[in-house]
Protein chains: 2
Amino acid sequence: MDTWKEFEANELTHSAAHHLLAIYEVGEAYGGWARVSDIARRLNITRGSVSINLRTLKKRGWVQTDEHRLVKLSPKGLRVVHSVMAKRVIVKTFLRDVLGIAEAQAEIDSCKIEHLISHSTGQRLVHFLQFLTSGAPVSRQFLRQFRAFQASCPASRTCGVCKGQCLIDELKYAT
Amino acid sequence: MDTWKEFEANELTHSAAHHLLAIYEVGEAYGGWARVSDIARRLNITRGSVSINLRTLKKRGWVQTDEHRLVKLSPKGLRVVHSVMAKRVIVKTFLRDVLGIAEAQAEIDSCKIEHLISHSTGQRLVHFLQFLTSGAPVSRQFLRQFRAFQASCPASRTCGVCKGQCLIDELKYAT
DNA sequence: TGGCGTTGTTTGATATATCATACACGCGAT
DNA sequence: ATCGCGTGTATGATATATCAAACAACGCCA
């Protein structure tokens, strides 16, 4: 019923996830400590925005601050960052190495999705990639034949309603 | 640099996508025409919220209104709905039938992602599923052996930082 | 000791997305 | 004809997320 609301219910927003990632990346060379200015520069937003957003991140217990106003991830925040980073790598790897999507597009898609997929989905995707790249004969053969199949796929078929914008026509098998 | 901002730049928000889907579903039995009340009931939000959100949807050219205040998808809106529906089905099918994720979780994850994946990613995912379910010997064998591999996977390994919350440890192959 | 630049915060603005509540309109039943 | 209910809209509130601009504080340099 309210499945679609799970999106909003997610306590980790896209914005928050990237603030945490930025703190991690910026602080990497300074023992985990980051300055508001550098976080803002990294995200290409204003210092004011970062300052305001940090309130929520602190309230959630994801970051800690210094007496010098330096910012650091809490253990809880670090766990979130690890989780998000891992999911992005997994999704991007799948999109690029299995589906053959261009690096740039794979980056964009995985960046949008990284904070949304569940732990179990991420884990199963890892196992899938592990098996696919395990070097087992069946995996190698499958990948090779899939590449050939892809090459033979028509660029796109036209849908009566969407004029090629949707994929309905290609979904007959799924009904 | 600003890849992460693509999320906000997306003109089709999660909320908007589901409003359009609701209009489509509610209107299905009435020649595409839907009432604000029914849309609100469908989404489990107030009539007021729908009323306000419809302004944006109209401004974007996705819906049209009647002199009786009935709401209908424009041709452009219908294309969006087809595109989103198709992507949800594709992703859900992949999660459920390939990765073996439970129906409910697959529904939640695909619902979060449906409006975010690009057309090319959706199309390639379709081709992947087509090949996997084509009945080709290599596909059947691959799927069977993957199931066996999955069954042998340890439930989860513990990450020093995350205590099993992240998947970093399982990503060694990807570095 | 001044002054200037960087830094972090605050303020007022916009945009989305929701709520509860109040209001106005129309239609059907009495 | 009017009473009441359902419907759509409007209003004021909250929460997120951004901006520009103003402001205060600190440090460095002369």
Side-chain angles (χ1 to χ4, degrees), chain A residues 1-23 26-27 30 33-60 62-72 80 111-112 115-116, chain B residues 1-23 26-27 30 33-60 62-72 80 111-112 115-116:
Chain A
M1 170 68 75
D2 275 354
T3 297
W4 76 280
K5 281 194 179 179
E6 298 266 334
F7 190 91
E8 325 293 342
N10 199 346
E11 69 166 13
L12 178 64
T13 65
H14 179 75
S15 170
H18 279 278
H19 276 68
L20 296 179
L21 286 173
I23 293 168
V26 166
Y30 306 95
W33 292 103
R35 294 190 312 169
V36 170
S37 279
D38 294 328
I39 300 167
R41 212 182 336 273
R42 181 92 194 184
L43 294 173
N44 205 19
I45 61 179
T46 63
R47 300 194 306 275
S49 296
V50 172
S51 181
I52 290 173
N53 294 333
L54 281 178
R55 287 182 210 162
T56 310
L57 302 184
K58 268 189 259 184
K59 209 171 59 192
R60 291 269 158 84
W62 287 327
V63 305
Q64 298 162 347
T65 40
D66 203 276
E67 67 271 21
H68 303 303
R69 289 165 158 175
L70 287 176
V71 182
K72 190 179 196 173
V80 172
C111 175
K112 287 180 180 175
H115 68 296
L116 291 172
Chain B
M1 171 68 76
D2 275 355
T3 297
W4 76 280
K5 280 195 179 177
E6 298 266 334
F7 191 89
E8 325 293 340
N10 199 345
E11 69 165 12
L12 179 64
T13 64
H14 180 74
S15 170
H18 278 278
H19 276 68
L20 297 178
L21 285 173
I23 294 168
V26 166
Y30 305 95
W33 293 103
R35 295 189 312 168
V36 170
S37 279
D38 294 328
I39 300 167
R41 211 183 336 273
R42 183 91 192 184
L43 294 174
N44 204 21
I45 60 179
T46 62
R47 299 195 307 274
S49 295
V50 172
S51 181
I52 290 173
N53 293 334
L54 281 178
R55 286 182 210 162
T56 310
L57 302 184
K58 267 189 260 184
K59 209 170 60 192
R60 292 268 159 85
W62 288 327
V63 305
Q64 298 162 346
T65 40
D66 203 282
E67 66 271 22
H68 303 303
R69 289 165 160 176
L70 287 176
V71 182
K72 191 179 195 174
V80 172
C111 176
K112 287 181 181 175
H115 68 296
L116 291 172

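The figures that follow rest on heavy atoms only: side chains count, while hydrogens, waters and symmetry mates do not.
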**Message:** By the 4.0 Å heavy-atom rule, please label B/H19 as base, sugar-phosphate, or nothing.
**Reply:** sugar-phosphate

**Complete:** Between CZ of B/R55 and P of D/dG8 the distance, given in whole Å, is 15 Å

**Fill in**
Rounded to whole Å, the CD1-P distance (A/I39 to C/dT7) equals 12 Å

**Message:** Counting the atoms with a prime plus P, OP1 and OP2 as sugar-phosphate, which does B/H68 contact under 4.0 Å by heavy atoms, base, sugar-phosphate, or nothing?
**Reply:** nothing

**Sugar-phosphate only, base, or nothing, as touched by A/D38 at under 4.0 Å among non-hydrogen atoms** = nothing

**Request:** Grab the CZ-P distance between B/R35 and C/dG26 for me, whole Å please.
**Result:** 16 Å

**Asked** In whole angstroms, how far is the P atom of D/dT9 from the CG atom of B/L57?
**Response** 13 Å

**Message:** Just to be sure I understand the rule, does B/S15 reach a base, reach only the sugar-phosphate, or reach nothing, if contact means heavy atoms closer than 4.0 Å?
**Reply:** sugar-phosphate

**Message:** Does a side-chain N or O of A/T56 approach OP1 or OP2 of D/dA15 to a distance below 4.0 Å, or not?
**Reply:** no

**Prompt:** Within the modelled atom types, does a donor on one side and an acceptor on the other bring the side chain of A/R69 and the base of C/dG8 under 3.5 Å apart?
**Reply:** no

**Working for side chain to side chain contact (heavy atoms under 4.5 Å, CB included), residues A/H18 and A/L43** = CA-CA 8 Å; A/H18 279 278; A/L43 294 173; 4.2 Å; yes

**Request:** With heavy atoms under 4.0 Å as the rule, sort A/R41 into base, sugar-phosphate or nothing.
**Result:** nothing

**Request:** Under 4.0 Å between any heavy atoms, over every strand shown, what does B/S37 touch: base, sugar-phosphate, or nothing? Just pick one.
**Result:** sugar-phosphate

**Prompt:** Just how far, in rounded Å, is C1' of D/dA15 from CD1 of A/I52?
**Reply:** 13 Å

**Fill in**
Closest to the 5' end of DNA chain C, once B/R60 and B/T46 are matched to their nearest nucleotides, is B/R60

**Prompt:** Rounded to whole angstrom units, what separation is found between the CG atom of A/D66 and the C1' atom of C/dT9?
**Reply:** 17 Å

**Asked** Hey, what's the ring geometry for A/F7 with B/H115, parallel, tilted or perpendicular (30° and 60° as the breaks)?
**Response** perpendicular

**5' priority, DNA chain D, between A/K59 and B/S51 [closest heavy atom]** = B/S51

**Prompt:** So, for A/T65 and A/W33, which heavy atoms are closest and what is the spacing to 0.1 Å?
**Reply:** C-CZ3, 4.5 Å

**Request:** Round to a whole Å and report the spacing from CZ of A/R47 to P of D/dC26.
**Result:** 16 Å

**Request:** Measure across B/L116 and B/K112 and return the closest heavy-atom pair with its distance rounded to 0.1 Å.
**Result:** CD1-O, 3.8 Å

**Message:** Whole angstroms only, please: what is the CG-P distance between A/N53 and C/dG8?
**Reply:** 15 Å

**Asked** Is there side-chain contact between B/W62 and B/L12, with at least one heavy-atom pair below 4.5 Å?
**Response** yes

